Number of protein chains: 2
Amino acid sequence: MELLKRKIAEKGKIFPGNILKVDSFLNHQMDIEFLDKVGEEYYERFKNDGVNKILTIEASGIAIACATARYFKAPVLFAKKNKTKNIASDVYSSNVVSYTHGREYTVIVSKQFLSKDDRVIIVDDFLANGCAMIGLIDIVKQSGATLVGVGAVIEKGFQGGGDKLREEGIRVESLAIVDEMSDDHITYRE
Amino acid sequence: MELLKRKIAEKGKIFPGNILKVDSFLNHQMDIEFLDKVGEEYYERFKNDGVNKILTIEASGIAIACATARYFKAPVLFAKKNKTKNIASDVYSSNVVSYTHGREYTVIVSKQFLSKDDRVIIVDDFLANGCAMIGLIDIVKQSGATLVGVGAVIEKGFQGGGDKLREEGIRVESLAIVDEMSDDHITYRE
């Protein structure tokens, strides 16, 4: 997605440790007009697949999922990272190890909102080692729903999570795949 | 907002301890068409106030803020609940005690995205005792930005947080104020 690459070039910041900060438009402050284009792009890619639910994970995925859901006229469902008092015990759950934040957590989704009749895409801001995505995919499998595909706005190709999913036969639609990062340059996969 | 009250009557569930679950359309699974009406309602209430930024808190507020921001053609900024590696140290922060989850946390917002030139509204899904909202208001004050007003989709009037803010002269625009709840009935403030 050329608009995304231009946006990253203009507004993204690279930090040591292969950190790409896009928090001025994607995942802290959010440019709603840009997110609308992201949603439109996902719609173009998945519009013929009978998608009826957009799954994501709190917090950074929610805005992207909402922008996408508008095009599909489908609800968003976001997985929560902790079990709180306000969530029923009747949930699908899966464990995730986050290297970014150095901790382990459980993702949960209420069983009443995901079932075998659903055709789901999963969207998120980043796909790196893929651990969060694997947790979400596990939840879709538990529910019996059909996983149509997954998509990250930015995939860190060099961390291998996306390719591992592709090898398993999962359709991965990332809007930009970063194959290499240096202090002042990003190389995208063609 | 009559549509909201109808939606609560149809889809909301009341549990002991004054818990109102609206997770089928507002804060777990999200009805995007309904959220669009919420955004439109906020726009109607604040459209003449020069609002240029919509502030919220992760995670349940994000979808509401995005729906609102579309009408204002303004960016969304969401406060994060923990300090992670991916957030710069240059942040506004405020402590919040959450009675719902029985824990204390810090809300943070990157300083680069909020300044004295901003005119801000804060939106969230619920306003109960108001502790999270007070944290967000504190952050707006720290930044020097103008707080135009705050709004919750559902205010639990009987918990007093909204009225406390009103007494301090803050404009509070909740879309439904629950004054009393029983097992099978909700009384709204007129």
Side-chain angles (χ1 to χ4, degrees), chain A residues 13 15 17 19-25 27-36 53-88 91 98-103 108-110 112-114 126, chain B residues 13 15 17 19-25 27-36 53-88 91 98-103 108-110 112-114 126:
Chain A
K13 287 179 186 167
F15 288 89
I19 292 172
L20 174 60
K21 283 188 77 165
V22 287
D23 60 357
S24 65
F25 65 94
N27 53 17
H28 180 27
Q29 179 169 262
M30 293 173 300
D31 178 336
I32 297 300
E33 199 179 334
F34 169 71
L35 284 183
D36 185 67
K53 199 154 282 187
I54 318 296
L55 178 65
T56 189
I57 183 167
E58 63 173 343
S60 312
I62 295 174
I64 296 157
C66 287
T68 304
R70 289 189 68 246
Y71 282 91
F72 284 97
K73 301 186 190 310
V76 166
L77 182 60
F78 74 85
K80 305 197 176 192
K81 283 180 180 166
N82 304 83
K83 185 165 180 174
T84 72
K85 279 189 213 164
N86 290 341
I87 283 284
V91 296
S98 164
Y99 295 107
T100 320
H101 304 116
R103 63 190 177 90
I108 57 175
V109 166
S110 184
Q112 61 187 310
F113 304 131
L114 205 57
F126 275 96
Chain B
K13 288 179 187 167
F15 289 89
I19 291 173
L20 174 59
K21 283 189 77 164
V22 287
D23 60 357
S24 66
F25 65 96
N27 53 16
H28 181 27
Q29 179 169 263
M30 294 173 301
D31 178 335
I32 297 300
E33 200 179 333
F34 169 72
L35 284 183
D36 184 66
K53 200 155 283 187
I54 318 297
L55 178 65
T56 189
I57 183 167
E58 64 172 342
S60 313
I62 295 174
I64 296 155
C66 286
T68 304
R70 288 189 68 245
Y71 282 90
F72 284 97
K73 300 186 191 309
V76 167
L77 181 61
F78 74 86
K80 305 196 175 192
K81 283 180 179 166
N82 303 82
K83 187 166 179 175
T84 71
K85 279 189 212 164
N86 291 341
I87 283 282
V91 296
S98 164
Y99 295 106
T100 319
H101 304 115
R103 63 190 178 91
I108 56 174
V109 166
S110 184
Q112 62 187 309
F113 304 131
L114 205 58
F126 275 95

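All values derive from a computational prediction rather than experimental measurement. Chain letters run A, B, ... following the sequence lines, proteins first and then strands; every chain starts at 1.
- Summarising the geometry, atom SG belonging to A:C66 is positioned 9.5 Å from atom CD1 belonging to B:I64; distances are rounded to the nearest 0.5 Å.
- Atom OG1 of A:T56 and atom CE of B:M30 lie 8.5 Å apart (nearest 0.5 Å).
- The only member of B:V76, B:L77, B:V109 that meets side chain to side chain contact (heavy atoms under 4.5 Å, CB included) when paired with A:Q29 is B:L77.
- With a 4.5 Å cut-off on non-hydrogen atoms, A:A67 does not touch chain B at all.
- For a residue to count as touching a neighbouring chain, one of its non-hydrogen atoms must lie under 4.5 Å from one of that chain's; by this rule B:A65 does not touch chain A.
- A 4.5 Å side-chain heavy-atom check between A:E58 and B:E58 finds every atom pair outside the cut-off.
- Between chain A and the options B:S60, B:S24, B:G17, heavy-atom pairs under 4.5 Å are most frequent for B:S24.
- Closest non-hydrogen pair, A:K80 versus B:N27, comes out as NZ-O, 3.4 Å.
- The closest side-chain heavy-atom distance from A:I32 to B:F72 is not below 4.5 Å.
- Here the shortest heavy-atom pairing between A:A59 and B:F78 reads CB-CE1, 4.0 Å.
- Taking OG from A:S110 and NZ from B:K21, the interatomic distance works out to 6.0 Å, rounded to the nearest 0.5 Å.
- At a 4.5 Å heavy-atom cutoff, A:K73 makes no contact with chain B through either its backbone or its side chain.
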